Number of protein chains: 2
Amino acid sequence: MSEQKSSVMLIDDHPLLRKGLKQLLALEDDLEVIAEASSGAEAIPLATELDPDLIILDLNMQGMDGIATLKKLRDEGVTSRIVMLTVSDADEDVVNAISNGADGYLLKDSDPEILLEHIKRALSGKMVLSEAVTQVLATALRRPTVKTPAELNSLTNREHEILSFIAKGLSNKLIARELNISDGTVKVHVKHLLKKLGLRSRVEAAVWMVNQQGGKV
Amino acid sequence: MSEQKSSVMLIDDHPLLRKGLKQLLALEDDLEVIAEASSGAEAIPLATELDPDLIILDLNMQGMDGIATLKKLRDEGVTSRIVMLTVSDADEDVVNAISNGADGYLLKDSDPEILLEHIKRALSGKMVLSEAVTQVLATALRRPTVKTPAELNSLTNREHEILSFIAKGLSNKLIARELNISDGTVKVHVKHLLKKLGLRSRVEAAVWMVNQQGGKV
DNA sequence: AGATAAATACTCCTTTGGGGGTAACCCCAA
DNA sequence: TTGGGGTTACCCCCAAAGGAGTATTTATCT
């Protein structure tokens with residue numbers, strides 16, 4: 001292995017926290033913070049360009065949140081180790097984070113030494129989870145993501161209707177024919193409903209919907 | 001809380017291992033092994049009667065295996081903390097264990113001190129996972145283990161694997177990244193699998209698959 | 001040794017999907 | 001009456017998906 005420093009990038013919209021984190025990381029000779037960003041939008045071009053060894057990513061950010069940023073980063077082909085950092089100790093996003101390619105999920109209120117320890121472990125290629133997070137993960141496994149249909153209520157009738165067609169596997173064109181509207185309009189509805197549900201594609205929407213209604217069409 | 005000793009029960013079909021474990025636990029003043037069993041069948045009546053604070057349960061046993069024993073115990077209303085113990089460090093049963101009510105999943109080849117530490121943490125109500133297990137758990141979230149019902153048998157392993165990714169909503173590109181193959185290759189597999197299943201799109205495939213396995217990860 | 005199947009990775013091509021925007025129309029509430 | 005949400009419909013643009021073909025390598029089964 002090399003004796004080179006490991007490059008670290010911080011993404012967090014709280015300057016103070018970045019400062020603190022930077023100080024913490026400065027305790028280690030072999031870590032170097034090479035970039036900081038205060039938003040996902042700002043971070044993505046930086047990350048793709050610099051390709052740091054490790055990215056520490058705040059989960060709770062204004063605008064594009066941590067998960068969205070994570071998705072986008074992986075989507076752009078960023079292969080850095082990415083560790084999510086969050087305040088909440090009962091955050092169910094852990095499942096989302098891990099399944100979207102995060103290499104760790106740490107809590108901001110962890111003991112600094114432990115945090116540093118975890119960060120170093122993450123750099124060495126390991127998956128790191130804060131203690132409290134392990135609970136959440138286990139709980140998530142026991143209660144397999146029964147999502148709140150609250151999100152369904154945010155959809156308009158038309159959007160809901162179109163979602164259910166998507167969940168049957170229909171293409172936009174077929175849905176349009178079914179509803180006697182143009183396929184362009186269907187695309188508009190699909191676009192809106194994906195945005196509202198925070199999903200990336202009709203496939204995700206279909207799976208999500210099928211799980212909502214307990215499957216079996 | 002009380003100053004009483006915590007009662008522990010050992011279930012393992014290797015007498016030698018039970019002996020070793022007992023010695024290890026004897027190092028702690030506040031732990032007391034109140035029962036041992038060499039099989040699940042033997043263990044269940046004992047456990048229901050004694051209701052120990054903690055049960056240490058071997059995963060790999062002859063006859064009724066660890067998971068089956070675990071299920072049966074919970075089924076009988078045993079509320080003890082239950083920690084699974086296993087030899088294999090790449091054991092995918094971790095998901096099964098946790099989702100069936102295990103409070104921990106430890107490896108026999110862990111450092112004894114760490115093992116003891118974990119056991120005590122489990123007794124204090126926490127979920128404990130050996131380090132290597134955390135990896136497996138995370139991986140399980142990314143790569144769903146897929147069942148093989150009748151119609152799925154016509155698919156090759158790779159096709160099957162890719163179908164399960166589709167059912168999670170992943171794009172070809174992301175699947176390719178996950179499997180370390182080119183996205184062109186993924187498209188080939190998708191094409192083949194659609195043809196074999198008589199489906200017209202990945203959305204249909206996703207819905208079909210989710211219905212097959214009853215949804216969820 | 002030869003055949004076969006699976007997995008890999010290309011090519012070329014067309015259709016589909018999804019994000020951005022603008023804009024009309026209706027209807028209902030502030 | 002003005003405003004906003006919902007539905008409709010279009011624009012542009014580009015990425016993703018999927019069909020068809022060829023080809024190499026590895027493994028397995030005669």
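Every chain is numbered from 1, with letters handed out A, B, ... down the list of sequences. Bear in mind that the values here come from a model prediction, so they are computed numbers and not experimental data.
- With a 4.5 Å cut-off on side-chain heavy atoms, Ile166(A) and Val203(A) do not count as touching.
- Rounded to an integer number of Å, the gap from CG of Leu179(A) to C1' of dT7(D) is 12 Å.
- Each end of the helix from dA1(C)-dT30(D) to dC28(C)-dG3(D) gets its own rotation axis from five pairs of C1' atoms, and the angle between them is 50° to the nearest 10 degrees.
- In this structure, CG of Leu193(B) is placed 12 Å from C1' of dG18(D), rounded to the nearest angstrom.
- Contact annotation: Arg158(B) side-chain N/O to dA7(C) OP1/OP2 distance is not under 4.0 Å.
- Among dA16(D), dA7(C), dG19(C), the nucleotide with an atom closest to any side-chain atom of Thr156(B) is dA7(C).
- In this entry the distance linking CD of Glu159(A) with C1' of dG5(D) reads 11 Å, nearest Å.
- Side-chain nitrogen and oxygen atoms of Ser201(A) include none within less than 4.0 Å of the OP1 or OP2 phosphate oxygen of dG17(C).
- Between His192(A) and dG18(C) there is no side-chain polar atom (N or O) within less than 4.0 angstrom of OP1 or OP2.
- Closest to the Val188(A) side chain, of the nucleotides dA17(D), dC10(D), dA20(D), is dC10(D).
- You'll find the side chain of Val207(A) stays beyond 4.5 Å of the side chain of Met209(B), heavy atoms only.
- On a pure distance criterion of 3.5 Å, a polar donor-acceptor pair joins the side chain of Lys191(B) and the base of dA20(D).
- Rounded to a whole Å, the NE2 atom of His189(B) is 13 Å from the P atom of dC10(C).
- Whole-Å rounding puts the Asp183(A) CG to dT8(D) P distance at 13 Å.
- Nucleic acid contact for Asn157(B): sugar-phosphate only, since backbone atoms but no base atoms lie under 4.0 Å from a heavy atom of the residue.
- By the 4.5 Å heavy-atom criterion applied to side chains, Ser6(A) and Asp30(A) are not counted as neighbours.
- A heavy-atom distance below 4.5 Å is found between the side chains of Asp51(A) and Ser80(A).
- Within 6.0 Å of the CG atom in Asp111(A), the count of heavy atoms belonging to other residues, nucleotides or ligands exceeds 12.
- The shortest distance between the side-chain N/O atoms of Asn172(A) and the OP1/OP2 oxygens of dG17(C) is below 4.0 Å.
- Of the options Glu36(A), Glu28(A), Glu32(A), a salt bridge (Lys or Arg N to Asp or Glu O under 4.0 Å) to Lys22(A) is made by Glu36(A) and by none of the others.
- Following rounding to the nearest Å, Ile162(A) (CD1) and dG6(D) (P) show an atom-to-atom distance of 14 Å.
- Counting to the nearest Å, the P atom of dG17(C) and the CZ atom of Arg200(A) are 18 Å from each other.
- If you take NZ of Lys173(A) and P of dG17(C), they are 9 Å apart, rounded to a whole angstrom.
- The side chain of Ser182(A) contributes no N or O atom lying less than 4.0 Å from OP1 or OP2 of dT8(D).
- When side chains are defined from C-beta on, Phe165(B) counts as touching Leu179(B), because their heavy atoms get closer than 4.5 Å.
- You'll find the side chain of Leu199(A) reaches within 4.5 Å of the side chain of Trp208(A), heavy atoms only.
- In terms of position along DNA chain C, the nucleotide closest to Leu170(A) lies nearer the 5' end than the nucleotide closest to the other residue of the pair Lys195(A) and Leu170(A).
- Residue Thr185(A) places at least one side-chain N or O closer than 4.0 Å to OP1 or OP2 of dA9(D).
- With dG21(D), dG17(C), dA7(C) as the choices, the nucleotide that has an atom nearest any side-chain atom of Lys187(A) turns out to be dG17(C).
- Residue Ser171(A) has its side chain nearest to dT16(C) when only dT16(C), dA7(C), dT7(D) are considered.
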